[in-house]
Amino acid sequence: MQVASVIVDVAAMQTDKEFDYIVPEKWEGLIQPGMRVVVPFGPRKIQGFVTALKNKSNVKRLKSIIEPMDLLPVLNQELLELADWLTETTLCFKISAYQAMLPAAMKAKYEKVFQIRETAEPMDDKLASLFNRNGELAWEAAAKAGLLNSLRQEVKENRAELVYKVKSRDRKKSIRMIGLALSDEDLGGHLDALPANARKQKDVLHYLAASGSPLLSAKEVMEQTDTSNSTLKSLLEKGFIVERYQEVYRDPYENRQFKKTEPLPLTNQQQEAIAPILGSIEDVRHETFLLYGVTGSGKTEIYLQSIQRVLEKGKEAIVLVPEISLTPQMVHRFKGRFGDDVAVLHSGLSTGEKYDEWRKIQRKEVKVVVGARSAVFAPFENLGIVIIDEEHETSYKQEENPRYHARETAIKRAEFYQCPVILGSATPSLESFARAQKGVYHLLTLPNRMNNQQLPEVEIVDMREELRHGNRSMFSRALFEKLTDRLEKGEQTVLFLNRRGHSSFIMCRDCGYVAGCPHCDISLTYHRHSHRMKCHYCGFEEPVPSRCPECNSDHIRYFGTGTQKVEDELGKLLPHARVVRMDVDTTSRKGAHEKLLQQFAEGKADILLGTQMIAKGLDFPNITLVGVLSADTMLHIPDFRSAEKTFQLLTQVSGRAGRHQLQGEVVIQTYTPEHYSIQLAGKQDYDQFYKEEMMMRKLGNYPPFYYLALVTVSHEDVMIASGVTEKITQYIQARLSDEAIILGPVASPIARINDRYRYQCLIKYKREPKLNEILKTVMEHYTKQQGDKSLQVAVDVNPFIMM
DNA sequence: AGCACGCCGACT
DNA sequence: GTCGGCGTGCTC
């Protein structure tokens, strides 16, 4: 007897373990570890993942697997083991780890349906009429109609049954193909056999015969011969033609042409940088490289040529980019060099498109994957390199379970395959640069821009000074002057603003009342489209009050500056300027992002105005001015990384200017010009920033000097939330070494979300081998024993967001 | 997470 | 008497 260990699709602490099932004899040899199966679980039917096969079990009453959902494993042995590692390091459920590795289309959908029993005596007509043609009635529909009781009775009396269905959404797309069922010699005779008025049918047969190919798309044949499906149907019935369904991939880049590119000659500094990488590929040796190169120093060419070498070895490559729809130029470069060998995985694709790209990888039809964070799980089996571009980006950390970091995951996989990892950045994260300094990573440096272009000249403008001179506009005099100058010269400008919407919040000028969310401790954000205020955390929204709810004054004012407001302002000040605005609101539609960029690239706009998303990857020759409207918005958020993020962002945005022949200029507007992150971003001095920031981190006992773990407790009742956090803090404190620093319990920076109070405890530590075990115990204790449904305890190991 | 089972309050 | 509330415990 063969027994399969199965992880079931129930994300809960109590079910986060292997359940044993008998493998039915007919499927012995077929069912393998890494396959999805349908299993009975209590009264239901659910999806599960086979993790192992064995020949006996300690469980007395075993049930059998109902059916396999795959013909081949969807997770190979390496990925199964990687999931174990993910589970242990991020403290997530195993099922969550598996699901993170697979495209969303493979997540099971469940349906509960009442079915009429054919064999039994007919049920009441009125009730029976509610069932559909197939004799089915959805459980949910029945519940809505208040029929559950009568249906329960029907089930009891065997006139109906309740059926649990497991559906996979991994639909393949196929197209209908038709072809001649006859040989050429036979054709003549058969044509004669057709009645004289069957003109259309003859046309089709002639067309098929003339084409010479065994199968043609039915759609195409109908179009070309001007016939309809009924013609094909009669031919099929007569057996003159055959039809086949052929799987096709949904190709999001189908109609795009990619110009083939050849490897470019490398500069001396590029050659020096690439040599150790090629060495590591050659020796089949794992090593992590930190490729530190200023913007425009030619990192991408190094990626491309490293991949080239990997492909020559018959191996595969993964390239991670922050959020790929944001950098269509990047996709173009990879598709241009490696053509059809490239699959692309990013959030802009539909579920079906992602699934198809994933299958291309699984079926080994591609060798290179370019994608966002989750592409790190691409099911390659002969991985030769992993490249993480813009290594410092925080989007590489997933903020929901499993809370993994793509960088650590990539390194883990690369260790398994003994292949290199390249982390590329112009502004490496402090963690990575510190590791490079310690020799954990191999540091490679590209200090100069290609062709030795100058870095842009940066001017830092003190906005307080502007105010003192009576300038209350959002543009400093310097920026405005340069902006008009560019308009005259016909050169392009990028304006960067780190905030979306119109104004960030609404305040009464008389009493200082700020509109806040009634369910969360955060102010509401004003959206001009709808003229409403929205909460970005729980989705609450309400119209803008015309009078202050506190003091009844009508001096309601919008504070903060959003992209919409800047656009309006530009329209007033420079009515002739053509502005393209890019933010979440204008790019949410599919393909909108590329369209807007295209518009700008073709010179149909003078000014590109946008948020974060324009900071990366833009490379247009005509941009000679970059304006940062308010550099400090990020600086004041309560996060130990805020200075680092500010520096990185400013450096990145500045890098957009003057990448080609024309010299670039940057204007940074700020209310805190003396801050080191702004000063050093202005000088583009990463090395100095690294030194200063490392000092701050050392003083604050923050990474990279300490590791962090964050426990967040939430409950409807403040007292319970704080009380439980207090207990947890004590429990942890008692079990860690003296070296560990424990902060808490304190209220979270956002003390309430969705009417739940939030408390947290932050653990700073250097080496605590027992920590994960302790945290696991805490989670187990508070999910099981308390039984308080409202209590939530979440653990984030190496958190990036402290909220 | 679901779902059944089971044990108490208010009703046709 | 029964319907239905949700506390408790299990799912191979």
Side-chain angles (χ1 to χ4, degrees), chain A residues 1-25 27-28 31-33 35-69 87 91-100 104 106-115 138-157 160-168 400-402 714-717 720 779-794:
Chain A
M1 181 182 67
Q2 205 174 38
V3 174
S5 300
V6 174
I7 295 289
V8 293
D9 182 19
V10 181
M13 195 137 267
Q14 290 158 60
T15 49
D16 185 34
K17 57 172 186 163
E18 288 173 336
F19 287 84
D20 289 350
Y21 289 90
I22 296 167
V23 178
E25 248 170 70
W27 285 317
E28 276 187 22
I31 288 181
Q32 296 295 326
M35 272 187 192
R36 296 174 303 158
V37 289
V38 178
V39 292
F41 197 62
R44 322 178 264 162
K45 250 164 72 174
I46 58 172
Q47 189 190 59
F49 287 84
V50 176
T51 54
L53 293 173
K54 46 195 186 180
N55 42 36
K56 70 185 188 80
S57 168
N58 296 326
V59 181
K60 308 133 271 165
R61 298 182 70 86
L62 287 181
K63 290 186 182 174
S64 287
I65 288 175
I66 293 170
E67 60 183 350
M69 293 177 76
T87 310
L91 303 174
C92 70
F93 303 132
K94 202 146 270 174
I95 189 69
S96 311
Y98 292 153
Q99 261 153 10
M106 295 180 88
K107 201 175 161 185
K109 282 269 176 277
Y110 299 102
E111 255 177 51
K112 267 198 292 183
V113 187
F114 288 105
Q115 251 174 22
W139 190 89
E140 261 180 38
K144 235 183 228 164
L147 292 168
L148 285 188
N149 278 336
S150 16
L151 284 165
R152 199 168 293 158
Q153 196 60 31
E154 297 297 312
V155 170
K156 216 182 245 172
E157 288 168 29
E161 64 182 323
L162 182 56
V163 179
Y164 292 86
K165 291 189 175 181
V166 182
K167 291 202 166 172
S168 184
E400 63 215 38
N401 281 329
S714 69
H715 195 278
E716 290 159 7
D717 185 335
I720 295 181
M779 295 236 283
E780 254 160 48
H781 180 82
Y782 283 100
T783 45
K784 161 154 64 186
Q785 203 161 333
Q786 288 270 295
D788 188 336
K789 290 268 190 299
S790 174
L791 183 73
Q792 273 176 31
V793 180

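Keep in mind the model is a prediction, meaning the values are calculated, not measured. Note on naming: letters A, B, ... go to the chains in the order of the sequence lines (proteins, then strands), and numbering restarts at 1 for each one.
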Quick one: closest heavy-atom pair of A:L53 and A:I31, and the distance? CD1-O, 3.3 Å
Please report, rounded to the nearest Å, how far the C1' atom of B:dG2 is from the OH atom of A:Y110. 11 Å
Closest approach of A:V3 and A:L62, non-hydrogen atoms and distance? CG2-CD1, 4.0 Å
Shortest non-hydrogen pair, A:A142 vs A:F114, comes out as CB-CE1, 4.0 Å
Indicate, with a heavy-atom threshold strictly under 4.0 Å, whether A:F41 touches base, sugar-phosphate, or nothing. base
Touch class at under 4.0 angstrom, heavy-atom based, for A:K112 against every strand present: sugar-phosphate
A:K45 NZ - C:dT11 P separation (whole Å): 20 Å
Can you tell me the distance, in whole Å, between the CD atom of A:E18 and the P atom of C:dT11? 17 Å
To the nearest Å, how far apart are A:W139 CH2 and B:dC3 C1'? 10 Å
Compare side-chain N and O positions of A:R44 against OP1 and OP2 of B:dG2 and report whether any pair is under 4.0 Å apart. yes
CE of A:M13 versus P of C:dT11: gap in Å, rounded? 18 Å
What integer distance in Å separates A:Q47:CD from B:dG2:P? 14 Å
Starting at NZ of A:K17 and ending at P of C:dC12, how long is that distance when rounded to a whole Å? 10 Å
Among the nucleotides B:dA1, C:dT11, B:dC3, whichever has the atom closest to the side chain of A:P43 is B:dC3
Assess whether a salt bridge exists between A:D9 and A:R36, defined as any Lys/Arg side-chain N lying under 4.0 Å from an Asp/Glu carboxylate O. no
Plane angle bin for A:F41 and A:F19 - parallel if under 30°, tilted between 30 and 60°, otherwise perpendicular: perpendicular
Spell out, as yes or no, whether a donor-acceptor pair under 3.5 Å connects the side chain of A:Y110 to the backbone of A:Q47. yes
Is A:K63 near enough to C:dT11 that one of its side-chain N or O atoms lies under 4.0 angstrom from OP1 or OP2? no
Side-chain donor or acceptor of A:T51 paired with backbone N/O of A:S5 under 3.5 Å: yes
Please confirm whether the backbone N or O of A:E111 pairs with a side-chain atom of A:K165, one donor and one acceptor, at under 3.5 Å? no
Please list, for nucleotides 9-12 of chain B, all pairs of protein and nucleotide N/O atoms separated by less than 3.5 Å.
none

Looking at A:S57, A:P40, A:S64, which one forms a side chain to side chain contact (heavy atoms under 4.5 Å, CB included) with A:Y21? A:P40
Options B:dC3, C:dC12, B:dA1, nucleotide nearest the side-chain atoms of A:V10: B:dA1
Please list, for nucleotides 1-5 of chain C, all pairs of protein and nucleotide N/O atoms separated by less than 3.5 Å.
from	atom 1	to	atom 2	distance (Å)
C:dG4	OP2	A:N149	ND2	3.1

Rounded interatomic separation in angstrom, taking CD from A:Q14 and P from C:dT8: 13 Å
Touch check for A:F93, heavy atoms < 4.0 angstrom, all strands: base, sugar-phosphate only, or nothing? nothing
Which pair of non-hydrogen atoms, one from A:I720 and one from A:H715, has the smallest distance, and what is that distance? CD1-CE1, 3.5 Å
